[in-house]
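See below for the structure under consideration.
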Amino acid sequence: MYTASICTIGDEILIGQIVDTNSSHISRALNSLGIRTGKMLSIGDDKQSIISSLEQELRGNDIVITTGGLGPTKDDITKEALAELSDSQGSYIHQGQMEVIQRILKSRGIEMLDINRLQACVPDKCEIIVNKLGTAPIMVFRFDEKRFGHKCTLYTLPGVPFEAIGALEDIISDIKQHYSIGSITHGNIMIYGIAESALAKKIEKWEEALPKEMHLAYLPNLLTGVKLRLSIYGGDESSNEKRIREEFSKLNELIGDYIYSDKEDSLEGRIGSLLRGSGRTLCVAESCTGGEISHLITTVPGASEYYLGSVTSYSPNVKEKLLGVSHESIEKYGIVSSQVAAEMADGVRKLLGCTYSVSTTGWADSYGDKFEEAGTVWVGISGPRGTRTVRFNFKNKRAINIQRFAASALNELRKMIEEDDK
């Protein structure tokens with residue numbers, strides 16, 4: 001199996017000024033080819049550090065991909081370091097990248113300056129993949145066995161995320177042309193409503209009995225739960241897919257209640273697949289989640305077919321006047337209660353005339369005298385067969401609690417729809 005290293009270049013990463021999101025996208029793209037990412041490394045804006053770090057990574061890996069450090073300003077010294085690393089004797093203007101730079105500047109009404117022209121100037125030992133989305137070219141340096149003891153390639157990507165991610169297709173295509181890539185087969189199931197540690201305990205014997213060539217990964221996420229991924233490297237892809245499905249099917253008896261999809265999916269995506277084409281509709285009444293549920297639902301393509309809208313009823317007054325929550329329920333049971341959650345779900349379902357509704361009312365953090373209730377949410381779900389409520393409590397910070405509230409609400413909605421479909 002080929003190995004890769006992903007390096008970010010720039011002090012802004014090391015001092016926490018910006019967050020590196022490029023490496024995860026690059027790693028996933030490499031993994032899809034069966035290339036294992038062995039290291040992710042951040043390098044500061046120092047010429048010798050860049051050279052020595054990249055030399056070390058190239059000695060130990062077949063592929064090294066960098067992002068960042070390719071801007072037009074004088075503090076971006078990466079290109080100079082790459083010229084020295086590759087033993088380049090000079091530089092040249094890459095005409096293809098110059099044309100992109102001219103087009104971008106013209107579209108923005110910006111005059112071409114010498115500093116812009118310099119971005120198209122590259123070391124003579126590199127090949128260029130034109131960056132169609134930005135001004136910094138993608139440089140490719142190929143090294144033979146004499147330099148690092150084995151054939152290896154260095155790809156340099158811009159640091160701007162949409163440019164780096166946009167270039168991945170071209171990078172993957174180039175890798176396929178220059179390396180004999182073996183097959184890798186992945187299979188996923190999505191699980192929600194059980195902690196990763198509890199899940200591991202429940203499926204421990206199943207995991208221990210997996211064939212040695214199958215590799216299991218736990219991939220937790222606040223909004224989607226735990227993704228279990230089985231991978232097989234090499235072999236026939238069709239046969240491997242069948243074997244993975246057979247292994248995952250054994251989990252139905254162990255954790256079937258928690259499995260919501262047999263493919264890489266999200267809770268909102270699963271809900272969309274359940275409602276799309278059925279003529280059934282959905283609406284939302286949110287308080288403590290402040291629109292997060294509605295946002296997640298509308299990230300699904302085609303959501304307009306079944307999603308009617310929402311009411312963000314943050315104020316008790318809005319809950320009463322718009323959703324019809326009774327003042328007596330608020331006074332007697334409190335704004336964060338099963339009764340209020342149920343009346344919110346019923347109220348928005350009646351108001352918007354939809355088949356299903358989901359509501360949230362809770363305390364996302366400790367405010368005033370609500371310290372003990374911090375992280376508590378009541379979720380209401382209403383459908384053709386009635387209304388029910390569920391209470392959750394999460395001891396996290398406000399932003400994380402809101403995400404977990406929203407995901408838990410979507411999961412309860414998903415379960416109600418699936419129950420109706422049985």
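Start at 1 with the first residue, then count along the sequence.
A centroid separation of less than 6.0 Å is found between the aromatic rings of F148 and F143. Between F392 and F405, a ring centre-to-centre spacing not shorter than 6.0 Å is recorded.
The backbone N or O of D11 lies less than 3.5 Å from a partner atom in the side chain of D45, making a donor-acceptor pair. No side-chain donor-acceptor contact under 3.5 Å links E292 to the backbone of I402. A side-chain donor-acceptor contact under 3.5 Å links E343 to the backbone of S326. Side chain of T355 to main chain of T281: a donor-acceptor pair is present (N/O by atom type, distance under 3.5 Å, no hydrogens or angles). A distance-only check finds no donor-acceptor pair linking the side chain of W378 to the backbone of I335 [under 3.5 Å]. Although no hydrogens or angles enter the test, the distance criterion places a donor-acceptor pair under 3.5 Å between the side chain of N22 and the main chain of G159. The closest donor-acceptor contact from the side chain of N31 to the backbone of S27 lies at 3.5 Å or more, if one exists at all. Looking only at distances, a side-chain donor or acceptor of S278 sits under 3.5 Å from a matching main-chain atom of R280. For S357 (side chain) and V348 (main-chain N/O), no donor-acceptor pair under 3.5 Å exists by modelled atom type. Under a 3.5 Å cut-off, the side chain of H178 and the backbone N or O of C152 do not form any donor-acceptor pair.
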Intermediate values then yes/no, side-chain hydrogen bond (donor to acceptor under 3.5 Å, both in side chains), S239 and D236: CA-CA 5 Å; S239 174; D236 178 69; 4.7 Å; no

Worked check of side-chain contact (heavy atoms from CB on, under 4.5 Å) between L30 and I65: CA-CA 10 Å; L30 292 172; I65 299 179; 4.1 Å; yes

Worked check of salt bridge (Lys or Arg N to Asp or Glu O under 4.0 Å) between E208 and K205: CA-CA 5 Å; E208 291 173 350; K205 291 183 179 179; over 6 Å; no

side-chain contact (heavy atoms from CB on, under 4.5 Å) assessment of T66 paired with L154: CA-CA 8 Å; T66 71; L154 170 64; 3.8 Å; yes

L216/L210 under side-chain contact (heavy atoms from CB on, under 4.5 Å): CA gap, chis, key distance, verdict: CA-CA 9 Å; L216 177 68; L210 285 172; 4.0 Å; yes

Residue pair T289, T360: steps toward the side-chain hydrogen bond (donor to acceptor under 3.5 Å, both in side chains) verdict: CA-CA 7 Å; T289 45; T360 55; 2.7 Å; yes

CA sep, side-chain torsions, deciding dist, call: L296, L410, side-chain contact (heavy atoms from CB on, under 4.5 Å): CA-CA 9 Å; L296 292 171; L410 287 171; 3.8 Å; yes

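More than 12 heavy atoms of other residues, nucleotides or ligands lie within 6.0 Å of CD in Q177, so this atom counts as buried by the packing criterion. Heavy-atom neighbours of K350 NZ from other residues, nucleotides or ligands within 6.0 Å: at or below the threshold of 12. Open room surrounds CD on E169; 12 or fewer heavy atoms of other groups in view lie less than 6.0 Å from it. Heavy atoms from other residues, nucleotides or ligands lying under 6.0 Å from NZ of K227 number more than 12. Enclosure of atom CD in E246 by more than 12 non-hydrogen atoms of other residues, nucleotides or ligands within 6.0 angstrom is indicated.
Side-chain atoms of S313 and E286 include no donor-acceptor pair closer than 3.5 Å. Defined by atom type and a distance below 3.5 Å, a donor-acceptor pair is present between the side-chain atoms of Y179 and T153. In this structure, a donor-acceptor pair under 3.5 Å is absent between the side chains of H215 and S231. A donor-acceptor contact closer than 3.5 angstrom links the side chains of S294 and Y307. The closest side-chain donor-acceptor pair between Y218 and E207 falls under 3.5 angstrom. Of the N and O atoms on the side chains of S382 and T387, at least one donor lies less than 3.5 Å from an acceptor on the other residue. For the residue pair T8/D20, the side-chain donor-acceptor check at 3.5 Å is not satisfied. R414 and N411 form a side-chain donor-acceptor contact under 3.5 Å, judged by distance and modelled atom types alone. For the residue pair Q97 / N131, no side-chain donor-acceptor distance below 3.5 Å is found, with atom types taken as modelled. Counting only N and O atoms by type, the side chains of R404 and N396 include a donor and acceptor under 3.5 Å apart. A donor-acceptor pair shorter than 3.5 Å can be found between the side chains of Q119 and T135.
Inter-residue side-chain proximity for I63 and T3 is flagged as unmet; no heavy-atom pair is nearer than 4.5 Å. Looking only at side-chain heavy atoms (C-beta outward), T78 and I50 come within less than 4.5 Å of each other. Residues D420 and R385 form a side-chain contact, since some pair of their non-hydrogen atoms from C-beta on lies under 4.5 Å apart. Looking at I18 and I13, their side chains come closer than 4.5 Å, going by heavy atoms from C-beta outward. Taking the side chain as every heavy atom from C-beta outward, T224 and L267 never approach each other to under 4.5 Å. In this structure the side chain of C283 never reaches within 4.5 angstrom of the side chain of Y356, judged on heavy atoms. You'll find the side chain of I194 stays beyond 4.5 Å of the side chain of V226, heavy atoms only. Looking only at side-chain heavy atoms (C-beta outward), V64 and L54 come within less than 4.5 Å of each other.
Atom CD1 of I203 sits about 8.0 Å away from atom CG of L254, to the nearest 0.5 Å. Annotation: the span from S287 atom OG to K319 atom NZ amounts to 3.0 Å, rounded to 0.5 Å. To the nearest 0.5 angstrom, R245 atom CZ is 10.0 Å from S249 atom OG. The distance from atom CD1 of I189 to atom CG of L230, rounded to the nearest 0.5 Å, is 8.0 Å. With rounding to the nearest 0.5 angstrom, the CD1 atom of I255 is 14.0 Å from the NZ atom of K250. To the nearest 0.5 angstrom, I232 atom CD1 is 4.0 Å from I244 atom CD1.
Each of D262, I259, D257 was checked for a side-chain contact (heavy atoms from CB on, under 4.5 Å) with N252, and the lone residue meeting it is I259.
The residues D365 and K395 are annotated as not salt-bridged, no charged nitrogen and carboxylate oxygen being separated by less than 4.0 angstrom. Between E213 and R243 there is a salt bridge, with a side-chain nitrogen of the basic residue lying less than 4.0 Å from a carboxylate oxygen of the acidic one. Between D174 and R142 there is a salt bridge, since a side-chain N of the basic residue sits under 4.0 Å from a carboxylate O of the acidic one. Salt-bridge check for E418 with R270: passed, with a basic side-chain N closer than 4.0 Å to an acidic carboxylate O. The pair E419-R388 counts as a salt bridge, with a side-chain nitrogen and a carboxylate oxygen less than 4.0 angstrom apart. Between K132 and D170 there is a salt bridge, since at least one side-chain N of the basic residue sits less than 4.0 Å from a carboxylate O of the acidic one.
Minimum heavy-atom separation, L70 to A136: O-CB, 3.6 Å. C126 and F141 get closest at one heavy-atom pair: CB-CE2, 3.3 Å.
A cation-pi arrangement is not found for K202 relative to Y258, the charged atom failing to lie both closer than 6.0 Å to the ring centre and inside a 45° cone about the ring normal.
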